[in-house]
Each structure stands twice: as C-alpha cells, then as structure tokens.
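Working notes, structure below.
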Amino acid sequence: QVQVVESGGGLVRPGGLLRLSCTASGSIHSINDMAWYRQAPGKSRELVAVVHQDGRTDYSDSVKGRFLISRDSLKNTVYLGMHSLKLEDAGVYYCNVNGISGFGPRRDYWGQGTQVTVSS
C-alpha cells in the first residue's frame, strides 16, 4: 500500500558530504511532517530533522548548521543534505513520513533505513 524508499547512504570521509533522499509512494496522501531519524550502533533512535507541511524546519542541536532538510511535496520526497560530517554522524538513517493511506487513519510510515558510514 505505502512504500517509503531511501537512497544516498554510503561511505564518506570525515568532513565530507552526503545527500539522502526519501520518497513516499503508493496509497499515501495528505502528508504533513517528513523527518529523518538516525540510530548509531548501541544507541537509541534519535530525531535529526523535521520539515513541516508549511516548510518550517527543526533540527537536532548536534546537526544545526551542518545538515539541511528540504522537501518536494509534489514528489512526496524529502531530502537531507549533510556536510562537515563527523564520526558521530555515522549510523542508520531512517525516513519518517506522516500521512494517510487511502481512507485509513493518519499515522507515521518508516523507511527501511540507509547506512551512513563516516570513516577515514
């Protein structure tokens, strides 16, 4: 019914950059917030950034000034631009989309996660 598919993860050097993409498709509609979370090994999942329907954005303090979240609402796509990457940025990044599938209730939909490795 609903697919949330991420791309753009990979291996990057400290100080480098990556751009993640996530597209929601299928029966989903009326999308509000779109967000990125991440989970480092042995750590809990944490919110990285959110972009709201009206374009407002919120960032974790740890990524402010380095990451930028944006969206293309016509494509149901959210992006996460990352630069000046640090070792502590490594982990699995998850896309989260708040929307409605068909005539169902509003809920969060999660991507499968994409690995970001920061290593010299």
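Residue indices begin at 1 and follow the sequence shown.
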Query raised in the report: Between Ala35 and Val50, what is the shortest heavy-atom contact and its length?
Result: CB-CG2, 3.8 Å
Query - Euclidean distance, Arg71 CZ relative to Leu80 CG, rounded to 0.5 Å - result: 14.0 Å
Query raised in the report: Are the side chains of Arg38 and Val63 in touch, meaning some heavy atoms are under 4.5 Å apart?
Result: yes
Requested in this report: Taking the side chain as every heavy atom from C-beta outward, state whether Pro14 and Leu87 have any atom pair closer than 4.5 Å.
Outcome: yes
Report task. Please report the shortest heavy-atom distance between Ser62 and Arg66, naming the atom on each side. Result -> O-NH2, 2.9 Å
Requested in this report: Please answer whether the main-chain N or O of Ile69 pairs with a side-chain N or O of Tyr59 as donor and acceptor at a distance below 3.5 Å.
Outcome: yes
Query raised in the report: Ignoring hydrogens and geometry, is there a side-chain-to-backbone donor-acceptor pair from Thr77 to Lys75 under 3.5 Å?
Result: yes
Query raised in the report: Quick one: salt bridge (charged side-chain N to carboxylate O under 4.0 Å, His left out) partners of Arg13, sequence neighbours excluded?
Result: none
Query raised in the report: Sequence neighbours excluded, which residues qualify as side-chain hydrogen bond (donor to acceptor under 3.5 Å, both in side chains) partners of Arg106?
Result: Asn98
Query raised in the report: Taking all atoms of both residues into account, what is the closest heavy-atom pair of Ser25 and Ile28, and its distance?
Result: O-CG2, 3.9 Å
Query - Linked, directly or transitively: Val48 and Leu68 (ILVMFWY side chains, under 4.5 Å) - result: yes
Query raised in the report: Which heavy atom of Val92 sits nearest a heavy atom of Gly113, and at what distance?
Result: CG1-CA, 3.7 Å
Report task. Assess whether atom CD of Gln1 is packed by more than 12 heavy atoms of other residues, nucleotides or ligands within 6.0 Å. Result -> no
**Report entry** Gly26 backbone acceptor or donor facing Gln3 side chain under 3.5 Å
**Finding:** no
Requested in this report: May I ask you to test the Val4-Cys22 pair for a side-chain heavy-atom distance under 4.5 Å?
Outcome: yes
Query - Check: Asn96 and Trp36 side chains under 4.5 Å, non-hydrogen atoms - result: no
**Report entry** Lys86 and Asp89: CA distance, side-chain angles, deciding distance, salt bridge (Lys or Arg N to Asp or Glu O under 4.0 Å) verdict
**Finding:** CA-CA 5 Å; Lys86 305 174 179 180; Asp89 293 320; over 6 Å; no
Query raised in the report: Who passes ring pair (Phe, Tyr, Trp, His ring centres under 6.0 Å) against Tyr79, sequence neighbours left out?
Result: none
Requested in this report: Assess whether side-chain contact (heavy atoms from CB on, under 4.5 Å) is satisfied between Cys95 and Val78, documenting all intermediate values.
Outcome: CA-CA 8 Å; Cys95 179; Val78 61; 3.7 Å; yes
**Report entry** Pair Leu11-Ser119, side-chain contact (heavy atoms from CB on, under 4.5 Å): steps then yes or no
**Finding:** CA-CA 7 Å; Leu11 174 65; Ser119 175; 4.0 Å; yes
Requested in this report: Could you check Phe67 against Leu20 for side-chain contact (heavy atoms from CB on, under 4.5 Å), going step by step and ending with a plain yes or no?
Outcome: CA-CA 11 Å; Phe67 290 13; Leu20 308 182; over 6 Å; no
Report task. Say whether, by atom type as modelled, one donor and one acceptor occur between the side chain of His83 and the main chain of Leu17 under 3.5 angstrom. Result -> no
Query - Student check: side-chain heavy atoms of Thr23 and Val5 closer than 4.5 Å - result: no
**Report entry** Hphob cluster co-occupancy, Tyr37 + Val2, side-chain heavy atoms under 4.5 angstrom
**Finding:** no
**Report entry** Polar contact flag, side-chain donor to acceptor under 3.5 angstrom, Glu6-Gln112
**Finding:** yes
Requested in this report: Step by step, work out the side-chain contact (heavy atoms from CB on, under 4.5 Å) result for Ile31 and Asn76.
Outcome: CA-CA 8 Å; Ile31 292 172; Asn76 286 346; 3.5 Å; yes
Query raised in the report: CD/Gln53 to OG/Ser73 distance, rounded to the nearest 0.5 angstrom?
Result: 5.0 Å
Query raised in the report: What is the minimum heavy-atom distance between Leu18 and Gly10, and which atoms define it?
Result: CD1-O, 4.1 Å
Query raised in the report: Under a 4.5 Å cut-off applied to non-hydrogen side-chain atoms, are Met82 and Val116 in contact?
Result: yes
Query - Geometric class of the Tyr94/Trp110 ring pair [parallel <30°, tilted 30-60°, perpendicular >60°] - result: perpendicular
Query raised in the report: If we ignore angles and hydrogens, is there a donor and acceptor under 3.5 Å between the side chains of His52 and Asp58?
Result: yes
